[in-house]
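Any value given below was found using the heavy atoms of this structure, including those in side chains, with hydrogens, waters and symmetry copies removed.
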Protein chains: 2
Amino acid sequence: MSVTIYDVAERAGVSTATVSKTLSNTPYVSEKTRRKVLQAVAELGYRPSAVARSMAQGRTHTLGCIAPNLTDYTFASMIEGAHAEARRRNYFVLTGSAEEAADVKPLLEEMLARQVDGLLVINPHVDARSEFVRPLVEQGLKVVFLSPSRRTSSVLSVSCDNTTGGYQATRYLLGLGHHRIATIVGPGNEAWTLERLAGYRKALLQQGIAFDPDLVSRGDWTPESGYRCVHELLDGGRDFTALFAQNDKMALGAIRALRERGLDVPGDVSVVGFDDIPLARYFDPPLTTLHQPLQSFGEHAARLLIRAIGEPDRAQESLSLAAELVIRESCAPPSRPSLSRR
Amino acid sequence: MSVTIYDVAERAGVSTATVSKTLSNTPYVSEKTRRKVLQAVAELGYRPSAVARSMAQGRTHTLGCIAPNLTDYTFASMIEGAHAEARRRNYFVLTGSAEEAADVKPLLEEMLARQVDGLLVINPHVDARSEFVRPLVEQGLKVVFLSPSRRTSSVLSVSCDNTTGGYQATRYLLGLGHHRIATIVGPGNEAWTLERLAGYRKALLQQGIAFDPDLVSRGDWTPESGYRCVHELLDGGRDFTALFAQNDKMALGAIRALRERGLDVPGDVSVVGFDDIPLARYFDPPLTTLHQPLQSFGEHAARLLIRAIGEPDRAQESLSLAAELVIRESCAPPSRPSLSRR
DNA sequence: ACGGAATAGTTAAGCGCTTTCCTATTATTT
DNA sequence: AAATAATAGGAAAGCGCTTAACTATTCCGT
């Protein structure tokens with residue numbers, strides 16, 4: 001049906017080995033032969049089968065990528081970065097989403113069945129100690145995590161310094177004069193949540209302000225949850241003049257809730273988000289937030305992974321890129337004295 | 001290195017053919033043998049190689065999907081839907097992005113080299129008449145387009161009825177009493193733009209209002225462009241009491257620009273968007289927009305494609321799902337008489 | 001009890017490449 | 001001019017599955 005390497009070999013009057021060598025730029029093919037082969041390739045419209053090549057080489061030039069979903073801007077950006085870098089290096093990325101922890105295993109199985117050469121993991125349900133991943137790593141599969149994780153020498157990871165990010169956000173609010181700073185966090189077991197919260201606590205501590213668990217409200221990254229959290233905080237009588245939402249979507253939901261309660265942003269409550277999604281600058285008010293180079297995460301991750309595949313014995317390294325505070329208009333100095341100051 | 005079908009066959013004391021048949025549920029394998037095989041599989045942790053299977057069967061159980069990018073919510077949703085449906089049917093989706101028309105060809109080539117069984121196309125630069133796609137379709141490759149396209153019997157497509165969507169948006173504004181309705185459109189050569197604009201014109205016409213090209217401003221789907229368009233419209237002295245932005249992101253940019261010019265939404269200008277992205281209900285004001293079942297598009301597309309692959313001779317069909325107007329708070333009756341009414 | 005179906009399992013030929021040996025030719029050195 | 005090295009090209013053995021074709025066994029009905 002389709003044209004194979006045999007057709008090309010025949011047409012060029014050489015063996016399939018020579019065709020293969022020509023196409024893979026192996027030395028020791030004369031210029032004359034090379035030309036003949038190339039011409040036959042062009043004439044027949046030959047396109048080597050990646051499947052057959054994978055079969056013969058035992059490498060698929062494919063990276064598996066697993067994320068909770070494909071629609072969240074942060075995941076999508078990292079994936080896009082990984083795709084771009086992979087393609088530049090002649091790899092492809094096979095993406096799959098697994099929202100629930102239980103979906104991870106079957107997805108992983110299928111990716112392995114497809115013989116991916118390495119794995120990119122954005123999923124919070126999976127880390128280096130996970131029961132699924134550990135045996136694979138031990139068997140030599142290269143994995144890079146696109147989430148904060150303890151640096152270990154056996155595993156690669158690329159991520160933003162979330163702790164410093166959380167610290168910067170809080171520090172900024174503190175600098176503006178706020179003392180009662182509420183925070184809306186993500187699901188409790190996710191590294192992103194934990195690190196950003198740690199940064200928040202660190203900034204507070206440094207300023208001599210006691211950490212108040214009542215000022216922490218748990219969301220799930222959705223705007224709905226941000227909205228709900230603010231109402232809960234307010235219904236619970238919590239007093240605060242600033243709010244650090246661990247992502248922009250929750251920040252937006254929070255702003256709406258604040259308005260509904262008659263609170264002006266930033267007049268009555270300052271808000272800072274995290275991620276700097278493209279719409280954040282068009283929010284009302286434009287959102288002050290922490291910009292993460294998401295696309296770069298993906299690019300670096302793919303680069304590191306591909307290198308690890310090529311040089312299996314190289315020491316694994318982890319990368320941590322900085323988040324950058326983008327100041328817009330959602331923050332202001334506190335206008336009313338906070339209760340904590342009496 | 002990894003365990004193959006030979007290892008399983010040996011362990012179970014049968015031939016590889018029997019193992020293969022057992023695993024693919026071919027009839028005529030005794031219960032006893034089946035059990036032996038399954039046990040050997042379990043004991044060895046055997047995982048069939050999808051690559052070898054593809055090689056032998058000539059089918060990869062992989063769908064190629066090409067979109068302009070992976071981060072736009074609309075594309076990502078369709079892709080996610082396609083992924084989900086594909087996995088349910090034992091397929092995988094290999095995604096690639098090509099923003100520029102020139103990037104499409106190499107991407108397509110690579111996907112074909114990877115022997116995708118079918119193609120999902122979300123890219124506006126590619127349609128059924130495209131020079132890249134036509135020969136492939138003629139060679140029997142199954143393709144489904146996830147964009148509006150003329151129904152032809154040789155090609156599948158799934159999309160929203162964009163014309164009716166544009167019509168509904170405009171109709172709604174007209175019903176509120178608006179007569180001077182500006183519109184911000186997408187790039188001129190994209191089917192989405194064209195259809196939504198056609199719907200807009202149809203609604204106007206039906207109401208006996210002449211189409212005024214001066215009220216049409218061209219954006220590129222980004223919030224920045226929506227922002228710019230409004231300023232241009234206003235700088236050009238265009239008078240309008242309502243605005244139909246062809247997507248939510250441009251609508252958000254437009255709202256910001258309107259505010260900057262001292263215009264209240266919906267007090268002075270009503271705005272309607274298109275897409276109903278998750279954040280739209282949290283915009284200020286919550287955006288009235290057309291909801292598209294994006295995920296469903298992707299699911300249907302994958303389903304149709306897989307069916308077409310399985311039954312190559314079946315007549316191709318196209319699906320058009322309806323967009324639904326979601327009324328929120330960004331529209332109101334006009335408060336000032338529009339110039340056109342003198 | 002016998003012939004033909006139905007059932008169970010095996011053999012072996014691919015699928016389209018890559019790659020390791022080999023052999024043959026040409027260039028270089030002494 | 002002979003020995004050696006460098007360069008060119010080919011033969012053939014896989015890679016790990018599937019599947020057509022075939023053989024062997026069991027089960028019927030008559």
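- The backbone N or O of Leu44(A) sits nowhere less than 3.5 Å from a side-chain atom of Asp7(A) that would complete a donor-acceptor pair.
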Please list, pair by pair, any protein nitrogen or oxygen found under 3.5 Å from a nitrogen or oxygen in nucleotides 20-22 of chain C.
none

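- The interatomic distance linking Lys32(B) (NZ) with dT26(D) (P) rounds to 10 Å, in whole Å.
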Identify all side-chain donor-acceptor contacts of residues 303-313 of chain B below 3.5 Å with residues at least two apart in sequence or on another chain.
residue, atom, partner, partner atom, Å
Arg307(B), NH2, Glu317(B), OE2, 2.3
Glu311(B), OE1, Arg314(B), NH1, 2.9

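- Counting non-hydrogen atoms under 4.0 angstrom, Val51(B) reaches nothing in the nucleic acid.
- The 12-atom threshold is not exceeded at CD of Glu10(B), counting heavy atoms of other residues, nucleotides or ligands nearer than 6.0 Å.
- The CD-P distance, from Glu10(A) to dC17(C), rounds to 14 Å in whole Å.
- For Arg53(B) and dG14(C), the CZ to C1' distance is 17 Å, given to the nearest whole Å.
- Side-chain atoms of Asp220(B) never come within 3.5 Å of backbone atoms of Pro187(B) as a donor-acceptor pair (strictly under, hydrogens ignored).
- Taking atom CZ of Arg59(B) as the reference point, atom P of dG16(D) lies 23 Å away to the nearest angstrom.
- Comparing Gln57(A) and Ser30(B) along DNA chain C, the residue whose closest nucleotide (by nearest heavy atom) sits nearer the 5' end is Ser30(B).
- Atoms CD1 and CZ, on Ile122(B) and Phe145(B) in that order, are 12.0 Å from each other to the nearest 0.5 Å.
- Distance CG (Leu44(A)) to C1' (dG16(C)): 15 Å, rounded to an integer number of Å.
- Counting any heavy atom pair closer than 4.0 Å across all strands shown, Thr4(A) reaches sugar-phosphate atoms only and no base atom.
- For Tyr28(A), no side-chain nitrogen or oxygen approaches OP1 or OP2 of dA8(D) to under 4.0 Å.
- We find that CG of Leu23(A) is positioned 15 Å from C1' of dT19(C), with the value rounded to whole Å.
- Among the heavy atoms of the strands lying under 4.0 Å from Thr33(B) are primed sugar atoms or P, OP1, OP2 only; no base atom is included.
- Proximity of a side-chain donor or acceptor of Thr16(B) to a complementary backbone N or O of Ile5(B) within less than 3.5 Å is not detected.
- Residue Val19(A) is out of contact with every strand shown, counting any heavy-atom pair closer than 4.0 Å.
- Between Leu319(B) and the choices Val158(B), Val144(B), Leu156(B), the side chain to side chain contact (heavy atoms under 4.5 Å, CB included) rule is met once, by Val158(B).
- Between Met55(A) atom CE and dT18(C) atom P the separation is 13 Å, expressed in whole Å.
- Here Ser15(B) reaches the OP1 or OP2 of dT10(C): one of its side-chain N or O atoms lies under 4.0 Å away.
- Considering only side-chain N and O atoms, Ser20(B) lies nowhere under 4.0 angstrom from the phosphate OP1 or OP2 of dT19(D).
- Heavy atoms of Pro48(B) sit under 4.0 angstrom from primed sugar atoms or phosphate atoms, though from no base atom.
- A sub-4.0 Å separation between OP1 or OP2 of dT10(C) and a side-chain N or O of Thr18(B) is present.
- Distance from the side chain of Ala52(B) is smallest for dC17(D) among the nucleotides dG9(D), dC17(D), dC15(D).
- Taking 3.5 Å as the limit, the base of dC17(C) and the side chain of Tyr6(A) contain a donor-acceptor pair of atoms between them.
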